[in-house]
Amino acid sequence: MTAARTLTSPQMAALRQILQRYRGQGGAYLLPCLHEAQAVTGWLDADTCTEISRALNVPLVQVHEVIEFYTLFYNEPVGRRIVRVCDDPPCFLAGSSEIVRACARQLGVDEKGGTSSDGRVTLEIHPCLGRCEQAPFLMIDDDAHGHVQPAQIPDLLGEGA
Amino acid sequence: MPPDRIIPTTCPFCGVGCQIQLNIKDEQILRVTTDFELAPNYGQLCVKGRFGVDFVHHPTRLTTPLIRKDIVPGQPFAKARKAASLAEGYRAASWDEALDLVADQLAAIAQQSGGDAIGAYCCAKATNEDNYIFQKLVRTLLKTNNIDHCARLCHAGSVAGLMRTIGSSAMSNSITEMEHLDTFLVTGSNTTYAHPVIALSLKKAVDNGARLIVIDPRRIELVDFATLWLQQRPGSDVAVFQAMAHVIVSEKLYDVDYIVRHTEDFAAYAASLTPFTPEWAEQVSGVPADKIRQAARLYANAHSAALYWGMGISQSTHGADNASALVNLAMLCGHIGKFGGGLNPLRGQNNVQGCSDMGGLPNVYPGYQPVGDAAVRANFAAAWGVDLSPANGLTAVEMVHAVARGEIRAFYIMGEDPMTSEPHLTHARHSLENLDFMAIQDIFANETALYAHVILPAASFAEKAGTFTNTERRVQRVRPALNPPGLARPDLDILLDLARRLSQRRGIDTRQGWEYAGPAAVWREVGQVAPDFRGITYERIAKVGIQYPCPDEDHPGTLYLFADGVPRGRGKFWPLDFQPPLETPDEVYPFNLSTGRLLYHWHGGTMTRRSALNDIAPQPVVEINPADARRIPCADGDLVRIASRRGEVTARVEVSDRSPVGTIFLPFHYAEAAANLLTLDELDPAAKIPDYKNTAVAISPAETHDWQMILH
Amino acid sequence: MSYQPVLTARVGVVDPASLKDYEAHGGFRALRHAIAIGPDAVIDLVTQAHVLGRGGAAFPAGIKWKAVNEEHGPKFVVANADESEPGTFKDRVIMEGDPFSLVEGVIIASYAALAEKAYIYIRGEYPQAIACVQQAIAACYAAGYLGENILGAGFNLQVEIRKGAGAYICGEETALFESIEGKRGFPRLKPPFPTQSGLFGRPTLINNVETLINALPLVLYGPDWYRQFGPSDSPGPKLYCLSGRVRHPGLVEAPMGTPLSELIYEYGGGVTGSGELGGVLLGGAAGAFISPEMIDVFMDFATLREIDAALGSGVVMVFDTSADIKGVLKRIAHFFAHESCGKCFPCQLGTQRQVEIIDRLAADRLRPGDLALLREVGQTMTDASICGLGQTAAGAIRTALDRFGYEASTGEFYTFQR
Amino acid sequence: MPPNEIWITIDGQALKVPPGITILEAARLAGVEIPTLCYHPSLTANAVCRLCVVEWRGSRTLVAACAGTVRPNAVILTNSRRVRTARRTILEMLAASVDLSDAPDLQALLAEYGGDPNRFGEDAARRTFDGVKADNPFYVRDYDKCVLCWRCVQVCADDVQHTYALGFNGRGFHTEIATFFDAPMPDTTCVFCGNCVGVCPTGALKGKREYLWGG
């Protein structure tokens, strides 16, 4: 088992509300429920997954294997913010390697990705974010940043950001 | 790793009768495999069949005949008293010495006190051939019908309820029909635990679109597959079934054609239903009236619907009424005698069907031919060439009572363990201690064995040949894959050897004598006296079993029963009253106790607690609803003492919402926390079966336990 | 370049959050017309126009629409907006710039197919697009374009968005169904095809976003209008995604069959970097590279298939001669290994073996026999994989090696030596 | 042509078969053996291993014989060069990734098709795990030997047991059979029916008794 969850009581309340809404809805609502739960909890621990499984009446292992399959779901702790740098061919041609390097340096993580030691930010190298016309491109959580330059990275990922 | 040989045979655990292959290497079972093409399990097994047969290699197997050390030739025997252990109480003996001693004692007691002073337990785990010879021995050489077996403690309620309404107690549909069910109702059966491989077919049926109604106080796994779940209060089954019948009659959902052609007493029965409204049933059972209506409509409007039930229906002082209520429902809707439509008591033991078929009952000869019918009796007397006792014998629990009264002086027990299975064990123990003589024939020294004067070591299912009959009436082969350990011998050999000695001492000669050229010859004789089996030969069932009735060798066997009406002629509607359970919770004993089975153990645990199965469920665990756990209070893993008016046991808590609020569940597999120390021994008046599902108990925290699992 | 955009006419013009604005720019005229002529007539239009699926497979949409229309019982319409092909971004531009057009397309398709429930499956990496479409759906419910008795036509439709969660394979239609059903995105075996047994085992019409919005002008202007664009065997307007070393990367709408050179030099403003064209990747990672001498090819399904390339989702990824083509190939190989669902052995194992060999190629450490091995692995994936992902996982690499003059002895691509 | 029979051609041999049967079944009627791995007659055919692929004239790709059903006038080649290349390469890739020491049938197939797993080099990634998982009294799981045929997952789920103890971790090459958060079996919904053990073709699942025996 991975790390246990530590949720604040507002998080617990929000999670309960989500589960209540999806109760008995079945597998067709598993992905929406996981998205919403993860938006509250940051990552999907065993307890949360167990509760989701019960609420939706979906087998436990199905919840697990679905999280394992989709890269946007996490079953281990990640940073509170997630930086995804696109490294598809157009972004590569536009210098995504430099962007990755700048992010890794800024966060003190490996260039293959990882979470900063303060647990604040996770860097991911993404195989395609679908913004090829804005290469090089990165996303910080849901915010899009096109035509990004290495020099902007400290600002984007800095303490104040 | 390749095995040295692969022997196809039949699983020794439950009534499903899965076909297994024992893969033998170096005279040990290397693994169990199964043939994907063979009925009834088509390659599927449960944990017991696949991993639980290693008990045959357990070091505590009985390997030599044993005689109590305190027996002195020529001196009167001490009464049956529990020995501290096998080693302290017994000495090894030769087969000649042991069998002579048994024959001498039984012959002497029969001589002095009459045959009815002897009680015999045949065995729902032994083969058809073993049981046929056993009952023949008892009836012809001991001249008594005091023969019974553990079916009394499981499906007697069903048998009584079915016999008085339709005249047959066998499961009417087949396992192969299950996947194609239209609608079915499961009640009082935790099928996934008790008949795991049947449960697979039932789940498949739901996958294939069947509608399932579960009526059960416990949140069993099948509830997850159910269209409707009616959670009645324990003991209120009849109320729910009657109210369903009320709905079917008042909404005219019944099958007029079937009622007219195949039943009697409909008018009186319909009139008797008037007070049993769904609203009344809601009061009694706690099931919302609307759900009862939905269930009734679902069942009645089905194209075809099958009823499945287990111990929750039968093991009750109203077991016969429960079963009759179900029969009434089936007859109302004409859901009987057709594909996917019928009455299906799921049989427990691997050969409980066969043991009853072979006449291992106090009131019938092989093929359910009544002892009390003079013509029948004359037929058997002629067939066997001896006079037979005209009196019905005593049932299992009645025999224990008769011992207490001194009317029965000796027990001969093959493969059963009354000291675990009898209700109100304290009373049973006191009774057994009255016995002048007891002989046990078994593969392990179970709880009862330590009371015996003589213990005879038998071969296990893996070491002998014969047939078992599964719950769907399929007669299947059992084949020896190993040699018995030490001096142990197949039951049939032991019985025939004993019979020869008894025959000589009693001066009784049967027509066939007691020399048979193996089990096949015994089976041929069964066919001669019981026509339903005549068409089944060892050759025909070499690969896959045949379902009786099978009257001749061209007959393919019978998939489902009653296509042409029921054996009674017309099915009799059976008006019922609702009776609450005899013992209900009160202030002193505020919880209801239900007992039953776990997936991982089998009955008294004689086999499974000597296998890998014991590693996954080594300790007695009591299931308690979370609300009750808060009330007691107790938590997962705590020890609690469970006390009834008759005794107390200690078990570890598992908090689970499988049990409803107010009812706790204790499995009956653990001698160190024997559930039957708590249960009542009041009997159903018709079926003579005790109630294992309704006992008032109190629960208190316990600091320590005194469990000792001693495997003799 | 005299072509006037129709599919993207409103993008950048209307307020994507305003239903009123959409209506003011012709929105929902197509739906009203569709309802006026009835489902069968709509299907006839789609069939006569010979609309080919824009997601990449180029299957005639009319056949699908008709097949689902003719099925009985509950059925579904699914808009495939799981646009995850590297180089593709057209659907996102539509959803962010003109989300109501997608919703209208879904309503028309559902109306024609007689479906009462539709899903729009949008990749999880498109939060803005999801927000825009979500907002558009809500507005449509409020205005009576969705829900019960739509426009008084006695037709009901519920639409839900499904947000993907990072799996390229879910763009494969049956994997997408699995995903909506709450499972891993494992593609199913075909047959049965979605029109018989799709989402929840029911008949399902699934079309790409671009395909669905093709229905809007088609319904209004008719098949003759539609077929004036492009060649007769793959007609209509087309969205092209220009990216890479081109002066003006972005979404281009032009007739089907527009010459590639026109897309690159006129719409795209020419090649950047060295300024000299090294090659073009058509169809994305699942597509094929073509060499500079093939630059005049017409960009339509049939023509590209003839030259062992693919229009796919309309990707035009441009590489100048100074581009690090090995780095690009490495990314393509890693992309497939990363996105293989792992269901069938050829793809599950082959994408890994392909990565290993391409990594060696990129590091100039190719071993003897590696190229032959790569070819066999690629052939096996192409021939034996269950779905399009595995079947196309080797195409770009194979065409690069063939068309860019890879010289094993030097480890150089001739085309990219300058 | 009676509706209950159709003509097809398998490896040049024309024969009449019932419509709707699989290519595999039709081939058996023709006396042609097609190798299989993931296919099990009692389970849903998922056609994941693709060892049984055949060439069907007119089809762009090869077709899995276990799941593909015959149609009138189908012309099928079960042993063409293209088919053999696919089978050999799949077997080679498999042997380079997984421990097949307990799968003699697959070893024999590899030899029959002239496969050489060493072509991928000694540094080719293998799926290896930290030892054998022996977390319950009944069976062990040795995933070094797992080929991902799916049979165990299928019997645990809708094909047989409906227990859903087994599922998948990861994807692509890194797919593994797994439990909920990798919990040991007794902490899962497993009921130890062992039906997974009964269908495992490569010795990855094995009775504990047999495993301790030394096999």
Side-chain angles (χ1 to χ4, degrees), chain A residues 1-7 15 19 24-31 33-34 37-38 41-78 84 87-88 112-114 124-128, chain D residues 43-44 46 48 125 127 129-130 133 135-136 139 141 143 146-197 199-200 204-205:
Chain A
M1 291 276 171
T2 50
R5 84 175 161 193
T6 46
L7 296 185
L15 184 61
L19 294 175
Q25 298 276 17
Y29 288 86
L30 180 57
L31 261 65
C33 184
L34 290 173
Q38 184 170 274
T41 59
W43 62 283
L44 296 159
D45 60 281
D47 288 344
T48 303
C49 291
T50 304
E51 286 164 16
I52 289 172
S53 153
R54 284 202 191 124
L56 269 71
N57 199 15
V58 165
L60 272 175
V61 78
Q62 186 179 339
V63 178
H64 176 77
E65 66 179 8
V66 160
I67 293 169
E68 281 276 331
F69 189 82
Y70 296 94
T71 58
L72 299 187
F73 292 138
Y74 303 95
N75 56 15
E76 43 199 47
V78 284
R84 298 187 174 94
D87 189 38
D88 69 0
K112 290 189 172 111
E124 285 185 356
I125 319 305
H126 203 282
C128 173
Chain D
L43 305 178
T44 305
N46 281 319
V48 300
R127 281 200 290 261
F129 297 80
D130 304 335
K133 291 183 200 295
D135 53 13
N136 71 80
Y139 61 85
R141 297 179 286 150
Y143 286 134
C146 172
V147 294
L148 295 172
C149 71
W150 284 26
R151 287 183 187 178
C152 58
V153 177
Q154 280 177 261
V155 296
C156 196
D158 298 354
D159 264 4
V160 176
Q161 192 65 40
H162 294 78
T163 293
Y164 312 102
L166 293 175
F168 300 96
N169 270 352
R171 65 187 193 194
F173 185 77
H174 306 286
T175 308
E176 307 162 9
I177 305 298
T179 59
F180 179 69
F181 277 86
D182 301 322
M185 292 316 302
D187 294 344
T188 70
T189 51
C190 177
V191 293
F192 303 101
C193 65
N195 285 324
C196 55
V197 179
V199 295
C200 179
L205 299 173

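As the structure is a computational prediction, the values presented were derived from the model and not from experiment. Residue numbers begin at 1 in each chain, while the letters A, B, ... track the order of the sequences.
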Minimum heavy-atom separation for A:Cys49 and D:Phe181, please, with both atom names.
SG-CE1, 3.7 Å

Per-residue contact mode, A:Ser53 against chain D (heavy atom under 4.5 angstrom)
neither

Hey, which of D:Thr175, D:Thr179, D:Thr189, D:Thr188 has the most heavy atom pairs under 4.5 Å with chain A?
D:Thr179

When rounded to the nearest 0.5 angstrom, what is the spacing between NE2 in A:His64 and CG in D:Leu166?
11.0 Å

Minimum-distance pair of heavy atoms, taken over all atoms of D:Phe180 and A:Leu60:
CD1-O, 3.4 Å

Exam field: side chain A:Glu68 to backbone D:Asn169, donor-acceptor pair closer than 3.5 Å
no

Please classify the contact between D:Ala157 and chain A as side chain, backbone, both or neither, with a heavy-atom cut-off of under 4.5 Å.
neither

